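Okay, so here's the structure we're looking at.
Chain identifiers are assigned alphabetically (A, B, ...) following the order of the sequence lines, protein sequences preceding nucleic acid strands; residue numbering begins at 1 within each chain. Everything numeric here is computed off the predicted structure, so don't read it as measured data. Just so you know, these numbers use all the heavy atoms, side chains as well, and skip hydrogens, waters and symmetry mates.
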Number of protein chains: 2
Amino acid sequence: MREPAFEPHDHRRCVDGALQTAESLIAARGLRLTPVRRRALEILLERHGAMGAYEVLERLAADGYGHQPPVAYRALDFLVENGLAHRIRRLNAFAACAHPGADHHAAFLICRLCNALAEIPADALRNHLLAGAEESGFAVERLSIEALGLCPNCQSPEPS
Amino acid sequence: MREPAFEPHDHRRCVDGALQTAESLIAARGLRLTPVRRRALEILLERHGAMGAYEVLERLAADGYGHQPPVAYRALDFLVENGLAHRIRRLNAFAACAHPGADHHAAFLICRLCNALAEIPADALRNHLLAGAEESGFAVERLSIEALGLCPNCQSPEPS
DNA sequence: CCTGATACGTTATACTATAACTCGTTCATC
DNA sequence: GATGAACGAGTTATAGTATAACGTATCAGG
Ligand SMILES: [Zn+2]
Ligand SMILES: [Zn+2]
Ligand SMILES: [Zn+2]
Ligand SMILES: [Zn+2]
């Protein structure tokens with residue numbers, strides 16, 4: 001399976017699809033995709049990679065929104081709570097969800113050189129872990145699976 | 001399988017075993033388990049749970065070691081690099097390894113109420129993920145699997 | 001309109017982590 | 001025994017991440 005994150009592709013389709021899904025998803029829940037929230041999502045969607053909250057904040061501020069951390073954190077938290085973005089704990093950063101609205105569980109592949117971030121299905125993995133955890137009587141609520149390594153493009157030696 | 005982290009048990013055995021393993025492991029590698037490093041490990045070993053670097057630092061300072069962050073971070077990094085402790089990214093914290101010297105890959109179960117932290121084997125999970133990642137051409141180097149939820153003791157409603 | 005709920009902005013502060021430099025000890029080499 | 005590299009641990013200072021608490025504007029429902 002080829003990951004868009006690691007391949008050239010028509011990224012506008014990723015962006016447009018995600019934004020449309022976001023609109024309808026949020027509307028269906030009776031919530032509001034306000035300008036600052038929508039803009040935060042657009043910013044995350046610019047690349048298949050993670051972005052720190054302060055980087056998002058700078059961009060929002062440049063667009064005329066607030067200049068203080070809570071502005072970014074609130075927008076990002078909203079996106080995460082509604083499945084439109086993920087929080088990447090290893091990086092203390094956020095990334096747009098690659099399959100919004102799909103009610104999926106994902107594992108993340110993070111390239112340590114080019115910062116590309118792919119989201120691969122992790123439902124099977126999750127079920128295995130849940131089974132293992134249940135043996136100890138532990139009830140899993142949130143699960144994060146994050147791998148750091150090299151994407152296909154960054155594995156070849158660099159031609160100087 | 002019962003997890004010591006969630007059960008009453010003779011914890012001195014955990015501590016003594018871990019310290020002995022640490023001593024021999026570090027010696028075998030020609031490194032030094034200096035007083036401050038050893039003390040940091042002892043502090044982490046006090047409970048099956050994670051501890052922030054600054055909490056460890058306070059304890060080290062109280063014992064007469066340095067008062068500045070690098071003192072704690074250096075000791076903790078040393079322990080992590082040598083497999084004597086783990087870094088729990090979800091909590092920005094550190095925990096003593098429950099099976100030092102075993103060259104294992106673990107997943108972490110973190111109770112959000114009592115902060116107990118268990119380490120369950122994740123080699124099978126890891127292999128599944130590695131296979132999945134390889135399909136995209138991604139080469140995994142570091143993998144973290146962390147679950148947040150409720151331990152057996154914290155699932156029962158609290159008797160007020 | 002009025003009211004409650006939500007969202008956004010602010011200030012201030014807390015928490016986490018690393019850079020860069022100094023000093024002393026250890027230990028192999030001369 | 002002197003020399004110098006390697007290491008460990010201490011310092012100051014700063015960078016980076018996150019939240020608490022409060023005031024105001026906006027918006028839906030009655
Ligand atoms: Zn794309
Ligand atoms: Zn890459
Ligand atoms: Zn124990
Ligand atoms: Zn618990």
Side-chain angles (χ1 to χ4, degrees), chain A residues 22-23 26-41 43-44 50-82 84-95 112 115 144 146 148, chain B residues 22-23 26-27 29-44 50-82 84-95 112 115 144 146 148:
Chain A
E23 301 267 19
I26 296 303
R29 290 183 190 160
L31 301 173
R32 286 188 290 155
L33 191 62
T34 59
V36 65
R37 289 170 176 172
R38 187 191 156 98
R39 185 73 192 110
L41 179 55
I43 291 167
L44 289 185
M51 218 183 237
Y54 279 72
E55 192 179 348
V56 173
L57 176 59
E58 273 182 28
R59 302 285 310 276
L60 289 175
D63 289 350
Y65 299 102
H67 290 239
Q68 307 304 326
V71 170
Y73 279 100
R74 279 197 288 243
L76 291 168
D77 288 346
F78 174 87
L79 295 175
V80 169
E81 274 162 26
N82 287 282
L84 300 171
H86 299 286
R87 188 165 197 156
I88 312 298
R89 318 230 50 134
R90 185 175 273 277
L91 302 177
N92 290 323
F94 299 81
R112 68 175 159 80
N115 298 119
S144 57
E146 300 173 358
L148 194 69
Chain B
E23 301 267 18
I26 295 303
R29 293 185 188 159
L31 301 173
R32 285 188 292 156
L33 191 61
T34 60
V36 65
R37 289 170 175 172
R38 186 189 158 100
R39 185 73 191 112
L41 179 55
E42 286 174 4
I43 290 168
L44 289 185
M51 216 182 237
Y54 279 73
E55 193 178 347
V56 174
L57 176 58
E58 272 181 29
R59 301 285 310 276
L60 290 175
D63 290 350
Y65 298 102
H67 290 240
Q68 307 305 325
V71 171
Y73 279 100
R74 280 198 287 244
L76 292 168
D77 288 346
F78 173 87
L79 296 175
V80 169
E81 274 163 26
N82 288 282
L84 300 172
H86 298 287
R87 188 163 198 158
I88 312 298
R89 316 226 60 127
R90 182 156 209 119
L91 303 177
N92 289 324
F94 300 80
R112 68 173 159 81
N115 299 117
S144 58
E146 300 172 358
L148 194 69

Handout entry: Approximate separation, where rounding is to 0.5 Å, of A:M51 CE and A:E58 CD
Key = 10.0 Å
Problem - Separation between OH of B:Y65 and CZ of B:R39, rounded to the nearest 0.5 Å - result: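 Here the interatomic distance stands at 7.5 Å.
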If only side-chain N and O atoms of [X] are considered, is one of them under 4.0 Å from the OP1 or OP2 phosphate oxygen of [N]?
X: A:R87; N: D:dA18; result: yes
X: B:N92; N: C:dC15; result: no
X: B:R74; N: D:dG8; result: no

Practice task
Hey, which sits more toward the 5' end of DNA chain C by its nearest nucleotide, B:L91 or A:R37?
Solution key: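 The 5'-side residue here is A:R37.
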Whole angstrom value for the distance that separates [atom2] of [N] from [atom1] of [X]:
X: A:R39; N: C:dC8; atom1: CZ; atom2: P; value: 15 Å
X: B:L76; N: C:dT16; atom1: CG; atom2: C1'; value: 12 Å
X: A:Q68; N: C:dA12; atom1: CD; atom2: P; value: 10 Å
X: B:D63; N: D:dG10; atom1: CG; atom2: C1'; value: 16 Å
X: A:M51; N: D:dA18; atom1: CE; atom2: P; value: 15 Å
X: B:L60; N: D:dG8; atom1: CG; atom2: P; value: 16 Å
X: A:E81; N: C:dT6; atom1: CD; atom2: C1'; value: 13 Å
X: B:L57; N: C:dT18; atom1: CG; atom2: C1'; value: 14 Å

Handout entry: A:R59 and A:E55 ion-paired at < 4.0 Å
Key = no
From [options], nucleotide with atom closest to [X] side chain:
X: A:P70; options: D:dT19, D:dT11, D:dG10; value: D:dT19
X: A:T34; options: C:dT18, D:dG8, C:dC8; value: C:dC8
X: A:V36; options: C:dA12, C:dA17, C:dG9; value: C:dG9
X: B:A53; options: C:dA17, C:dA19, D:dG10; value: C:dA17

Exercise for the section: Check if the side chain of A:Y73 and the base of D:dA20 share a donor-acceptor pair of N or O atoms closer than 3.5 Å. Expected result: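 Side chain to base: no pair present.
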Handout entry: Stacked pair B:Y54-C:dC15, distance under 5.5 Å, angle under 30°
Key = no
Practice task
Answer yes or no: is there a side-chain heavy-atom contact under 4.5 Å between A:L76 and A:L44?
Solution key: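 Counting from C-beta outward, A:L76 and A:L44 do come under 4.5 Å.
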Practice task
May I ask you to test the A:R74-A:R37 pair for a side-chain heavy-atom distance under 4.5 Å?
Solution key: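 Counting from C-beta outward, A:R74 and A:R37 never come under 4.5 Å.
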Exercise for the section: Would you mind telling me which residue lines up with the more 5' stretch of DNA chain D, B:R32 or A:R89, judged by nearest nucleotide? Expected result: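 This one resolves to B:R32.
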